[in-house]
Amino acid sequence: MQNRAGLSRILIILTVLFAACTGLYLLAGGIWLATLRGSWYYLIAGVAMLITAWLLYRRRAGALLLYAVFLLATTLWALWEVGSDFWALTPRLDVTFFFGLWIALPLVYRGLTAKSGAARGALTVSLAFTVVVLIYAVFNDPQEINGTLSREPAAAVDKSPVADGDWPAYGRTQAGTRYSPLSQINDQNVGQLQQAWTFRTGDVKTANDPGEITDEVTPIKIRDTLYLCTPHQKLFALDAATGKEKWHFDPQLKTDPSFQHVTCRGVSYHETPQASQADAAQSAPTLCARRIILPVNDGHLYALDAQSGALCPDFADHGKLNLQSNMPFARAGAYEPTSPPIVTDKVIIMAGAVTDNYSTREPSGVIRGFDVNSGQLLWAFDTGSKDPNRIPTGQQFYTPNSPNSWAPAAYDEQLDIVYLPIGVATPDIWGGNRSPEMERFASGLLALNATTGKLVWFYQTVHHDLWDMDVPAQPTLADIRDENGDRRPVVYVPAKTGNIFVLDRRTGQTVVPAPETPVPQGAAKGDRLSPTQPYSELSFRPRENLAGKDMWGATIYDQLVCRVMFHRLRYEGPFTPPSEQGTLVFPGNLGMFEWGGISVDTDRQIAVANPMALPFVSQLIPRGPDNPAAPDAKDAGGTGSESGVQPQYGVPFGVKLNAFLSPLGIPCKQPAWGYISAIDLKTNDIVWKKRIGTVRDSSPLPLPFKVGMPMLGAPVSTAGNVFFIAATADNYLRAFKVTNGEQLWQARLPAGGQATPMTYEVDGKQYVVIAAGGHGSFGTKLGDYIIAYALPDAK
């Protein structure tokens, strides 16, 4: 008995110390938060914990009764703030619940001097109520939408000229639909998928690479061959049935840490009429009658024979085209073509990324059209020039720092229009020096005649962009039907802001209204702001501004820190201007949509999307000793990063950019940070929306908690009523039912799957393929895997 009494006293002392320390922390932090006009709960909680600690120290049973009232009040307050959202409730209730459970243990409460039966009963009731609330919250997520799409096609549409079993372009077609008519794998049997083959490229991160090394490739498939590129732009041709290598080509890319990206999202394909004639005559086609077009991050473009991998001798300089010609401030890594070009029967349309936020002495964002056979320059569209179609000669240059197009483009063959997503002139986060020409074609969708490069129309999605809210994704072309059943050609434009702009692809006129809406004002010194921004009525953007109640943490401790951090930042909703104080940017710089785009089934008139919700913080840094106006000679090659301190040489401010994280490295905004969702394109309604992704590969313990994770990549959907997506910050490829978002299957990947899958058929068998190579700056495991899945063979 004495041993038990002694143990009880020790536990009481430890419990008092914990309660006192927690109370002091919450009281101090709560006072700070209250002075910032935040919630008073933490101050009150600190007082309650300190009184509880005092009563426990005095061995009073009143400690249990007081804590019972406090826990009940905390649970009710949490419900009032965030409703039945389990993951929003947990940091409010985890410490408070488990401390209550602890002091309800016999070894603890028996150390109290007074009878504690009634107090223990009250505490038990409070604990039980909290458990009931949490159990209810597990099954009643207020963030999810649980509708059901129709399974029937809306109306007959023209059949695609692409063979059903092929995937010959980045988005399967150059319309960017990411939809396959295959249905061998469907919602009834997808759970039986198993690994069919694995190919390892051998391309891994080197000491000379920057942190932003990524494997974002979507392979293409023509006939019996897959074609894909690796982060260092090595090109592989694989047997589509077995994954065996047919040939490969290494452009010998030489990187260094100043490169902002090392990535390749895909390659393009072209075949001449001679190839079809050779097929008809059952003879071998001539060299390069079928060719693969490979962009390389050092500013070159290669054309290779699709059959053998040989360089095309009649293309540019023996198969190699220099994209740095007449480029200002040309250097390796400053101009990077990271996405596959559009290829028509006449023209290769090439654009590329320019280093963000480094200086005002960067290459041009010019878009160019090259002869598909010879590589000869046919036209240019320089987004920052007074005459966009001007082609410089001799020692002349394109316009430095002009808005660039780094994401994949789309092409309408009938209209002969190419649709290019356009970014903002760099430096991105301060724009007081931008000319009208630099603003004219920035942050929007540019429609050009593909043969001539002449302007057809331009639609701006963000005016005077100071948030890096470029159009980040491949547009998707689709025909929709109005109330009268008439077909209308449109283009869907997913934006970082969460808006999906729907435009008539002939004219650029809005089909879904996007009214100009007033936004916060008060620009940094020397800058200016647009008074309004377009807000599409088809959107995943937050309907309400973030508030203190939306801040999160693993526990009440870091949640309190996040609330203090939130109230110290400038934030007045979307488009809050950058500031020296520090501005909360939400939707964040990563965007609600990124380069993956959406998947559209034109037969059923539906779309599948995967928006994100992760705030960022931008803080302008005036020039000074720690932020010089010009780089040192040893640091004249770029930052090699899109986060941290960005110098923005040539303008009055540098900028510090980071995700809005707690001191523990956890997002300060409550989850979900990533969703999958479906849209009825006839009504533009969001029919269902679900969280996707777990913290298994992000937390210290491999816990499979589905909170909804950030992602990079896109879904692909099929006629089998399934869609596939990897992309999330955990290492899985998953399959879902299109009609309602139900998860049907998942496969564990050996590395991060920050890529878009694809599907094809060969020899009567359907395969699903994903690149699992990870993403350096996203923090997922790096690898070099290409993995195919298929149904087991019938026995």
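One-based numbering along the sequence shown. None of the values given here were measured: they were computed from a predicted structure.
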Can you name the closest pair of heavy atoms from [X] and [Y] and give their distance?
| X | Y | answer |
| --- | --- | --- |
| Trp430 | Lys525 | NE1-O, 3.2 Å |
| Tyr179 | Val600 | CB-O, 3.2 Å |
| Ala407 | Pro472 | CB-O, 3.1 Å |
| His270 | Asn373 | NE2-OD1, 4.4 Å |
| Leu455 | Phe381 | CB-CE1, 4.0 Å |
| Gln605 | Ile480 | OE1-CA, 3.4 Å |

Can you classify the ring geometry of [X] versus [Y] as parallel (below 30°), tilted (30 to 60°) or perpendicular (above 60°)?
| X | Y | value |
| --- | --- | --- |
| Tyr269 | Tyr227 | parallel |
| Tyr649 | Tyr358 | perpendicular |
| Phe778 | His775 | perpendicular |

Regarding [X] and [Y], do their side chains bring together a donor and an acceptor under 3.5 Å, going by distance alone?
| X | Y | answer |
| --- | --- | --- |
| His464 | Glu439 | yes |
| Asn297 | Gln233 | yes |
| Ser443 | Asp465 | yes |

Review point. Under the salt bridge (charged side-chain N to carboxylate O under 4.0 Å, His left out) test, which residues partner Asp412, sequence neighbours left out?
Key: Arg505
Practice item. Only counting residues at least two apart or in another chain, list the ones meeting salt bridge (charged side-chain N to carboxylate O under 4.0 Å, His left out) with Asp298. Key: none
Check your understanding: Does Arg488 come within less than 4.0 Å of Asp504, counting only side-chain N to carboxylate O?
Key -> yes
**Study point:** Asp371/Lys346 salt bridge by N-O under 4.0 Å criterion
**Key:** no
Review point. Strictly under 6.0 Å, is that where the ring centroids of Tyr411 and Tyr419 end up?
Key: no
Practice item. I would like to know whether Asp387 and Ser385 meet side chain to side chain donor-acceptor pair (under 3.5 Å); could you show each step before the answer? Key: CA-CA 5 Å; Asp387 176 8; Ser385 174; 5.9 Å; no
Point to revise | Crowding at CZ, Arg361 (>12 non-hydrogen neighbours, <6.0 Å) | key: no
Show the atom names and distances, to 0.1 Å, of all donor-acceptor pairs under 3.5 Å that link a side chain in residues 586-598 to residues at least two apart or in another chain.
from	atom 1	to	atom 2	distance (Å)
Asn589	ND2	Trp467	O	3.4
Trp595	NE1	Glu216	OE2	3.4

Exercise for review: Pick out which of Thr173, Val716, Val162 makes a side chain to side chain contact (heavy atoms under 4.5 Å, CB included) with Trp167.
Suggested key: Val716
Exercise for review: Cation-pi check, Lys689 to Tyr675: give yes when NZ or CZ is under 6.0 Å from the six-membered ring centre and within 45° of the ring axis, no otherwise.
Suggested key: yes
Point to revise | Arg331 NZ/CZ over Phe259 ring centroid, <6.0 Å and within 45° of normal | key: no
Practice item. Carefully, step by step, assess Tyr492 and Phe501 under the rule ring-ring contact (aromatic ring centres under 6.0 Å, His included). Key: CA-CA 6 Å; Tyr492 291 90; Phe501 294 93; over 10 Å; no
